[in-house]
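To keep things clear, I will list the structure first and then write my remarks on it.
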Amino acid sequence: MCLKTKEQLHEALVELKQSQEREGRLMAENRAILDAISSITSASNKQQIFQELKNVLSLYIDFSDFIVLSKKNCELHFNTLLTSNKEFEGVKWCNDGKFPRVLEGDCILLFEPAKLKEFACLDDQQKNAMKCALATGVKATITDSIILLIGNKVGQFTLDSRDTLSRFRPLLERALIDIEHKEQLQHLVDVRTQQLKLAQTKAEKANEAKSRFLAMMSHELRTPLNAVLGYIDVLLEELSVPEQLEMLEKMESSAELLLVLINDILDLSRIESGEFSTKYQW
């Protein structure tokens, strides 16, 4: 076998080996994407989705910070939705320059992000921590979302890093859509919780008003009823006709029963107000 043929065979073997390695990496990435999608589907909140996404991406891309930006379609600026670095919490990001491109599906490698308009809102300390960045975005139904991978070293990201992030777009789209869904559900839960608290407050006030009304009416009814019982006692002492006495005794019995009912209503209002005390009697 001639030398040229040996060299060609060697080059073919090297290319085959490289192809097999690329295929192996792609298969591993695909498995990771499928596993992550499964985990994201079962996540109960956006923090779990963010953490799962961060864990998967960190296996294939070396980044320092991971940030998710979000804005509603009607808003002008992006806000930090989720971040692995508290330094970026509460930051507003200008929707300019590269961001409209990444929302169309591009994955962009930024070599000097601190000089771009999108990062003009950051302070000097935050800008100094950004030597390079990877960005991609997704347009959802209600919100626009952008994923930023931040590198604190010059040359930390390469074109291979950008291509890897591009291959993970199906996972990123699914994660960001699920985050939006979780945000909507959380908003609905917060609104409903607030409504229930208001309804509970109104019900408690209505119950207190009812208790005050019962207590007031019980007192107001007992006063004339005691007078009726007093006059019946006077008449019982003065009258001697049996028929009249029998009628007065029935009136007294009915009035006393009514007084017992009124006292029970008053006791009920005291129980509801927490001011009821046990009474001992023979």
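Computed from a prediction, not measured in an experiment: that's the story for all the values here.
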(message) Please evaluate residues Asp190 and Gln194 with respect to the criterion side-chain hydrogen bond (donor to acceptor under 3.5 Å, both in side chains), reporting the C-alpha separation (whole Å), side-chain torsions for both, the decisive distance (0.1 Å), and the verdict.
(response) CA-CA 6 Å; Asp190 293 341; Gln194 187 64 27; over 6 Å; no
(request) Please report the C-alpha distance between Leu69 and Leu81 in whole Å, then the side-chain angles of each, then the deciding distance to 0.1 Å, and finally whether the side-chain contact (heavy atoms from CB on, under 4.5 Å) criterion is met. (result) CA-CA 5 Å; Leu69 313 181; Leu81 178 63; over 6 Å; no
(message) Are the side chains of Leu57 and Thr164 in contact, using a 4.5 Å heavy-atom criterion?
(response) no
(request) Mind listing the closest non-hydrogen atom pair of His77 and Asn95 along with its distance? (result) ND1-N, 4.4 Å
(message) Would you say that more than 12 heavy atoms from the other residues, nucleotides or ligands in this model lie under 6.0 Å from the NZ of Lys71, or not?
(response) yes
(request) State the CG-OG1 distance between Asn79 and Thr143, to the nearest 0.5 angstrom. (result) 11.5 Å
(message) If I compare all heavy atoms of Cys132 with all of Lys153, which pair ends up nearest, and what's the gap?
(response) SG-O, 3.4 Å
(request) Over all heavy atoms of both residues, which pair between Lys54 and Ser84 is shortest? Give the atoms and the distance, please. (result) CE-CB, 3.7 Å
(message) Looking at Lys92, I want to see if its NZ is surrounded by more than 12 non-hydrogen atoms of other residues, nucleotides or ligands under 6.0 Å.
(response) no
(request) State plainly whether the residues Asp144 and Lys139 are in salt-bridge range, i.e. N to O under 4.0 Å. (result) no
(request) Assess whether side-chain contact (heavy atoms from CB on, under 4.5 Å) is satisfied between Val138 and Leu103, documenting all intermediate values. (result) CA-CA 5 Å; Val138 173; Leu103 288 175; over 6 Å; no
(message) Working to the nearest 0.5 angstrom, can you tell me the gap between Leu235 CG and Met247 CE?
(response) 11.0 Å
(message) Would you compute the distance between atom CD of Gln156 and atom CD1 of Ile61 and round it to the nearest 0.5 angstrom?
(response) 11.0 Å
(message) Looking at Asp106 and Ile108, would you say the former's side chain and the latter's main chain have a donor-acceptor pair under 3.5 Å?
(response) no
(message) Can you list, by chain and residue number, the hydrophobic cluster partners of Val234 when the side-chain cut-off is 4.5 Å?
(response) none
(message) Please give me the minimum heavy-atom distance between Ala135 and Val102, naming the atom from each residue.
(response) O-CG1, 3.7 Å
(request) Verify the cluster assignment for Ile232 and Leu245: are they in a single hydrophobic cluster under the rule of side-chain heavy atoms below 4.5 Å apart? (result) yes
(message) I'd like to know if Glu112 pairs up with Lys131 as an ion pair, taking the criterion as any Lys NZ or Arg NE/NH1/NH2 lying under 4.0 Å from an Asp or Glu carboxylate oxygen.
(response) no
(request) For Gln195, look at atom CD and say whether over 12 heavy atoms of other residues, nucleotides or ligands are found less than 6.0 Å away. (result) yes
(message) Measuring from atom CG of Leu110 to atom CE of Met130, what distance do you get when rounded to the nearest 0.5 angstrom?
(response) 9.5 Å
(request) Mind running ring-ring contact (aromatic ring centres under 6.0 Å, His included) on Phe157 and Phe63 for me, showing each step along the way? (result) CA-CA 8 Å; Phe157 299 135; Phe63 57 86; 7.6 Å; no
(message) Checking the side chain of Glu246 only, and the main-chain atoms of Glu243 only, is there a donor and an acceptor separated by less than 3.5 Å?
(response) no
(message) Side-chain heavy atoms nearer than 4.5 Å, only ILVMFWY residues, links allowed to pass through others: does that put Leu134 and Leu116 together?
(response) no
(request) Might you confirm whether atom CG of Asp124 has over 12 heavy atoms from other residues, nucleotides or ligands at distances under 6.0 Å? (result) no
(request) Kindly say whether Ser145 contributes a backbone atom to a donor-acceptor pair with the side chain of Ser70 at under 3.5 angstrom? (result) no
(message) Would you compute the distance between atom CZ of Arg167 and atom SG of Cys107 and round it to the nearest 0.5 angstrom?
(response) 10.5 Å
(request) Measure the spacing between CG of Leu122 and CD of Glu87 and express it to the nearest 0.5 Å. (result) 10.5 Å
(request) Report whether Ile67 and Leu109 are members of the same hydrophobic cluster (ILVMFWY, side-chain heavy atoms less than 4.5 Å apart, transitive linking). (result) no
(message) In this structure, would Leu59 and Phe168 fall into the same cluster of hydrophobic residues linked by side-chain contacts under 4.5 Å?
(response) yes
(request) Carefully, step by step, assess Phe66 and Ile150 under the rule side-chain contact (heavy atoms from CB on, under 4.5 Å). (result) CA-CA 6 Å; Phe66 182 31; Ile150 306 301; over 6 Å; no
(message) Once ring-ring contact (aromatic ring centres under 6.0 Å, His included) is applied, do any residues pair with Phe88, and if so which ones, sequence neighbours excluded?
(response) none
(message) Hydrophobic cluster membership, with links at side-chain heavy-atom distances under 4.5 Å among I/L/V/M/F/W/Y: are Tyr60 and Leu159 in one?
(response) yes
(request) Verify, without hydrogens or angle tests, whether Ser254 (side chain) and Lys250 (backbone) share a donor-acceptor contact under 3.5 angstrom. (result) yes
(message) Does anything in residues 97-152 form a ring-ring contact (aromatic ring centres under 6.0 Å, His included)? List the pairs, not counting sequence neighbours.
(response) Phe78-Phe99, Trp93-Phe119
(request) Please lay out, stage by stage, how Thr136 and Ile146 fare under the test side-chain contact (heavy atoms from CB on, under 4.5 Å). (result) CA-CA 6 Å; Thr136 188; Ile146 291 177; over 6 Å; no
(message) Counting C-beta onward and ignoring hydrogens, is there a side-chain heavy-atom pair between Val228 and Glu252 closer than 4.5 Å?
(response) no
(message) Keeping Thr83 on the side-chain end and Asn85 on the backbone end, is there a donor-acceptor pair under 3.5 Å?
(response) yes
